Amino acid sequence: MLRFEDTDSERSSRAFEESILDDLLWLGINPDGEISRQTERLERYVEILFRLERDGFVYPCFCPAAPDKEGHGPYPGTCRNIPPDERRGRIESGESFCRRFAALASGLTFRDRLRGDLTFDVRLGGDFVLTRADGTPTYTFAVVVDDHDFKVTHVIRGEEHIPNTPRQELIYRALGWEVPEWVHIPMVLDSERHKLSKRSGAISVSAYRDDGWSAEALVSYMATLSWSGAPTDKVSSPDELASLFDIDSVALDSPVHDPERMRHFGRLSMRSVSCEKLLGELGEAFSRIADPPDEIDADRAALLGELLPECASRRELSDSLARAFEIAPVDDELGNERTAWMDDLLDRLAALPSQEWFTMSIKNILKKFQKERALEGKIFYHALRATLTGRDHGAPLALLMACLGRKIVIERLGKR
RNA sequence: GGUCCCAUCGUCCAGUGGUCUAGGACACCGCCCUUUCAAGGCGGCGACACGGGUUCAAACCCCGUUGGGACCGCCA
């Protein structure tokens, strides 16, 4: 099931829900039950609230909302002991108030499946808010009611929720409800070892999707964080991962997000898609070359195959492709590579009709020419490459020339 | 500041008292292959935070120290 915890109207919108659902579906995580929304269950929370109030766990608090920032410590319980008469009076006079749960236990112990028994003095956290002045429930409260109503058996969440758990445990006990199994898993840290945030370079799922990462690569990488059961030598689907998963083998220290390790899975995933398919997707990049060969795709597919293994996403591939075609700003050293034989080679190549402009035929010309002139391979190819691309390395030359197209090759060769 | 969580290579994970001169993956370095760069194959560098216990024996158990993190909202 999927539940939107949307009681904070300022931070919730249908647009957010849409994108969350989109991300989940794209990742291959499909909610198989109903989709619920806390804002649609408001009456239920009120019902439970009244029950807690009747049993004396809850009281109205007239204090102004949060004295802005400055975490001074817990709420001191100011309104807990206001006499009933005064309470009634203030409520009737229209004073605004929230409702708090009186947290009185000095030593509350709950069991975390991974960490064992954890004991808290809940008084130190202060009395917490169950419903806001506008009557809406807080997450802390609504979630307990929902989990109970939806018969949730396991609450698996980030360890930042640990301080929250004793409070919810209190609510369960006050209601006499069966407590779910608590599992607090570590949260992913950035390279500075802080909670991953936009500021620290965390990128949204949709951004990765837009850059052409495969969902399986992302999921496979994430599975390796804190969990030793995740395969490191292949990408896996959410279903495969799920069948392997064992909650008890989750490590307890917080993993640091490593983009390089993530790229490893991206590359693995890219390699599993065929060059022909990629060619279909990236055809446009090729058509931008001035002199595209006719319908012969073999060379272009081969070029993709050459570039593919080091790319973690479609975006990286298309960037790599663009780089292969462009002529780099030549530095002097490379720019002066032009030699006497260049004009002769140009003639040879120009003699090759565009219908025969393929890797193999170009390769033959190159080889023959090199042999005839007794040019050292290293020098020959290096000079040629430098003149053609401005770089001293890249994809195999004949292949590159085939993909670059006859017109451009002749143009570049003739220029310098 | 208070409360709590955590602690093995740079990073992610193995390791649950002897089989650990600590294993794998990513990264890095080298070699091979190759006209170049990648990819691939082979190899290398590299860690049990520190100090006390317990034990015949400790990366593994206990305590302390140090370090890192989270939380302390009418956010979730």
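Source: prediction; values computed, not measured. Per chain, numbering begins at 1; letters A, B, ... match sequence-line order. Worth knowing before you read on, the calculation uses all heavy atoms, side chains too, and leaves out hydrogens, waters and symmetry mates.
- The nearest whole Å value for the distance from the CZ atom in F141(A) to the C1' atom in A76(B) is 16 Å.
- Residue T389(A) is classed as having no contact, given no heavy-atom separation below 4.0 Å to the nucleic acid.
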In 5'-to-3' order, the base (B), backbone-only (S) or no-contact (-) status of each nucleotide in nucleotides 27-40 of chain B, using a 4.0 angstrom heavy-atom cut-off, is S-------BBBBSS
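- Residues from residues 178-194 of chain A with heavy atoms under 4.0 angstrom of RNA chain B, sorted by number: M187(A), R193(A), H194(A).
- Nucleotide C74(B) holds its C1' atom 12 Å from the CZ atom of F97(A), rounded to whole Å.
- Base pairing analysis places G17(B) opposite nothing; no Watson-Crick or G-U wobble pair with both distances below 3.5 Å involves it.
- Between R132(A) and A76(B) there is a side-chain polar atom (N or O) within less than 4.0 angstrom of OP1 or OP2.
- When each of Y75(A) and L114(A) is assigned the nucleotide of RNA chain B bearing its nearest heavy atom, the one mapping closer to the 5' terminus is L114(A).
- For K195(A) and C71(B), the shortest distance from a side-chain N or O to OP1 or OP2 is below 4.0 Å.
- Using modelled atom types and a 3.5 Å distance limit, the side chains of R385(A) and T389(A) yield no donor-acceptor pair.
- When the nucleotides C74(B), C12(B), A76(B) are ranked by their closest atom to the side chain of P255(A), C12(B) comes out on top.
- Contact between the side-chain N/O atoms of S226(A) and the OP1/OP2 oxygens of C13(B) is found at a separation under 4.0 Å.
- Spacing between atom CZ of R111(A) and atom P of C5(B) amounts to 14 Å, rounded to whole angstrom units.
- Distances were taken from every side-chain heavy atom of D8(A) (C-beta onward) to each of C75(B), A70(B), C6(B); the shortest belongs to C75(B).
- Looking at heavy-atom distances under 4.0 Å, R99(A) makes no contact with the nucleic acid at all.
- Between the CZ atom of F120(A) and the P atom of U3(B) there is a distance of 12 Å, given to the nearest Å.
- Both tests hold for R209(A) against W26(A): distance to the six-membered ring centre under 6.0 Å, angle to the ring axis within 45°.
- Using a 4.0 Å heavy-atom cutoff across all strands shown, N164(A) reaches at least one base atom of the nucleic acid.
- A heavy-atom distance below 4.0 Å to RNA chain B is reached by none of the residues of residues 34-53 of chain A.
- Between A76(B) and T7(A), a contact under 4.0 Å exists linking OP1 or OP2 to a side-chain N or O.
- Straight-line distance from the NE2 atom of H257(A) to the P atom of U11(B): 15 Å, rounded to whole Å.
- Rounded to whole Å, atom P of A70(B) lies 18 Å from atom CG of D112(A).
- Rounded to a whole Å, the OH atom of Y139(A) is 13 Å from the C1' atom of C71(B).
- One can place CG of L252(A) at 14 Å from C1' of A70(B), the figure rounded to the nearest angstrom.
- Residue S228(A) places at least one side-chain N or O closer than 4.0 Å to OP1 or OP2 of A14(B).
- Pair check for C4(B) finds G69(B); Watson-Crick or G-U wobble, both atom distances under 3.5 Å.
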